[in-house]
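Numbered from 1 within each chain, the chains take letters A, B, ... in sequence-line order.
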Amino acid sequence: MADAITPRSEDYAQWYIDIIKQAKLADYSPVRGSMIIRPTGYALWENIRDTLDGMLKETGHQNAYFPLFIPQSFLAKEAEHVEGFAKECAVVTHSRLKIEEETGELIPDPDSQLEENLIVRPTSETIIWDTYSKWIRSWRDLPILMNQWANVVRWEMRTRLFLRTMEFLWQEGHTAHATEKEAQDETMKILDIYASLAEDYMAMPVIKGAKTASERFAGAVDTLCIEALMQDGKALQAGTSHFLGQNFAKAFNCTFQNKENQLEHVWATSWGVSTRLIGGLIMTHSDDQGLVLPPRIAPTQVVIVPILRKTGGEPVLEAVERIEKMLKDAGIRVHVDAREGYRPGWKFAEYEVQGVPIRLALGARDVEHGVIEMARRDTFEKETVPQEGLTALIQDTLEAIQKNLFDRAVAFRDDLTTSVDSYDEFKSVLEEKGGFILAHWDGTDETETRIKQETKATIRCIPLDQEYEDGVDMLTGKPSTGRVYFAKSY
RNA sequence: CGGGGUAUGGCGCAGUCCGGUAGCGCAUCUGCUUUGGGAGCAGAGGGUCGUAGGUUCGAAUCCUGCUACCCCGACCA
């Protein structure tokens, strides 16, 4: 047995770290709060990225790239935005280093102090709206549907691999529209795309909803989000889509002439998902044996392990090669591990830790009988099946795994979603069961803040499919017309 | 930014109380035997003990300062 994974029941946080290390997704870096994304982890990100990128292009968005450095003065232009981000900005003040003669120490060269400080982007609204104000003159210039894949930096006090790191990878979409309605529709359209990415590809069920004022993006009029529930009963904000109104257009003086020949401020949206999704993926499906990956997003969907004896391995390797080609031709991502020096049992354990959905094992006996052993990562089921018709069976099984993971996660989420009507009940459910709690809320900041202070639970979202229901706020007794989702969150 | 903990081969740790020149497991390398669920035996390589200073004939060990990282809380994708 190699290094063990701490069981979830013992220490969930340690389990999460163990999974990432054992599955070789990421490493800590020499810089606090920064992480090294290893090839396996990055391959996962590439699949998420490529899937989403396809969906965005499908809906008319184009990619561009804006710079990492933003003039410090830009950040100050939108009042709420600066308040939200100023506390976590990395600031560039000098352009070169020099060796101090007396001490031999390497220091920023005082002579190279910048005229104006640069900040490392925590998000790009400011530089993008500065640019849009130059690009947009007429209603004919609209809409602009732009996205960028980039890294951003937020100087976090407390970090966790994938979930919160000082530097992370994401995409940020920034769109400009002629009308409020069009911008609002865009915000919603993106939310649906995010939900589809999460549910249909990552098999991670999400609640679509709107953030309350206190949880809103700094500078947004409205923030929509998708919220997922992790195995420890805590919620994870997995993506956000913001309707920015005309806030940034006003701050950056971005106007256009409408069809009535009047000057009007542009309507805006912005939206993003990040490498945090990988953290969500891990905490949605994985178990005490290691990572569990949904087939549609798994870098390797099928691994084939030949079982070789010292001599007479040729027929086995030939069969493996034939099956590999067959599966590859069908578009399945397959990997053959024919390495010598590692025993089959070792390899089985290795791919289990890495979450490969299906493992095939083929030995001399199987070749003789025209069969092959197939093992599922999600259920640990193992069966010997005919090589004849294998491709179709694999395809079906991959789909079955995908569906099983999603169904399992939905069932878990539903089990851990509780409706409560009193504050006492709220507190006891939160304490003993965790998960999402549906409760009435009077719509005020004060109540939300008090609940947060007293219980550490926040309103994750006001669900978009909220049903009208007369009720009273569990704390204040004031009237409410529908339930909102509360939870402790990451 | 507060509280706690840790720092010794690549990883995980022991050694520190009571100073005498560094050890164990895993991993790595070589050879042989193995190979259908993390192999066995034999041998080998690899460490300025986080850092700076002090005490001492002698410091991983005692003293002082510093730094980094991890965990737990307040703030955030």
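When both distances must be under 3.5 Å, the Watson-Crick or G-U wobble mate of B:U56 does not exist. Nucleotide B:G65 forms a pair with B:U51, judged by Watson-Crick or G-U wobble geometry with both contacts under 3.5 Å. Within the shown strands, B:U30 is the pairing partner of B:A42 under the Watson-Crick or G-U definition, both distances less than 3.5 Å. Pair assignment for B:C13: B:G23, on the basis of Watson-Crick or G-U wobble contacts that are both within less than 3.5 Å. Using the Watson-Crick or G-U wobble rule with both distances under 3.5 Å, B:G2 pairs with B:C72.
Between A:R413 and A:E227, none of the side-chain N atoms (NZ, or NE/NH1/NH2) sits under 4.0 Å from a carboxylate O, so this pair counts as no salt bridge. Using a 4.0 Å cut-off between a side-chain N of Lys or Arg and a carboxylate O of Asp or Glu, A:R460 and A:E215 qualify as a salt bridge. With respect to the salt-bridge test (charged N to carboxylate O, under 4.0 angstrom), the residues A:K427 and A:E431 do not qualify. Ion pairing between a basic and an acidic side chain is recognised when a charged N comes within 4.0 Å of a carboxylate O; A:D18 and A:R8 show no such pairing.
Candidate nucleotides B:C70, B:G38, B:A77 were compared by shortest atom distance to the side chain of A:Y28, and B:C70 ranks first. Side-chain proximity of A:W346 to the nucleotides B:A39, B:U35, B:G37 is greatest for B:A39.
Judged by atom type and distance alone, A:R359 reaches the base of B:G37 through a side-chain donor-acceptor pair under 3.5 Å. Between the side chain of A:K456 and the base of B:G73, no donor-acceptor pair of N or O atoms lies under 3.5 Å.
The residue among A:Y342 and A:K87 whose nearest nucleotide of RNA chain B is located toward the 5' end is A:Y342.
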List the atom pairs, with distances to 0.1 Å, where a side-chain N or O of residues 35-49 of chain A and a protein N or O form a donor-acceptor pair under 3.5 Å, not counting sequence neighbours.
from: A:N47; atom 1: ND2; to: A:I297; atom 2: O; distance (Å): 3.0

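At B:C72, one or more side-chain N or O atoms of A:R158 fall inside 4.0 Å of OP1 or OP2 (strictly under the cut-off). Within the structure, every side-chain polar atom (N or O) of A:R343 is placed at least 4.0 Å from both OP1 and OP2 of B:G40.
Across the P atoms, B:C57 and B:G65 are found 24 Å apart, a figure rounded to whole Å.
A perpendicular orientation is assigned to the rings of A:W271 and A:H61, their planes being inclined by more than 60° (bins at 30° and 60°).
By the 5.5 angstrom centroid cut-off and the 30-degree plane limit, A:F168 is classified as stacked against the base of B:A77.
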*Base, backbone or nothing for each nucleotide of nucleotides 41-46 of chain B, written B, S, -, heavy atoms under 4.0 angstrom, 5' to 3'?*
------
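RNA chain B is contacted by no residue of residues 63-86 of chain A, taking any non-hydrogen atom closer than 4.0 Å.
A donor atom on one side chain and an acceptor atom on the other are found under 3.5 Å apart for A:Y423 and A:E454.
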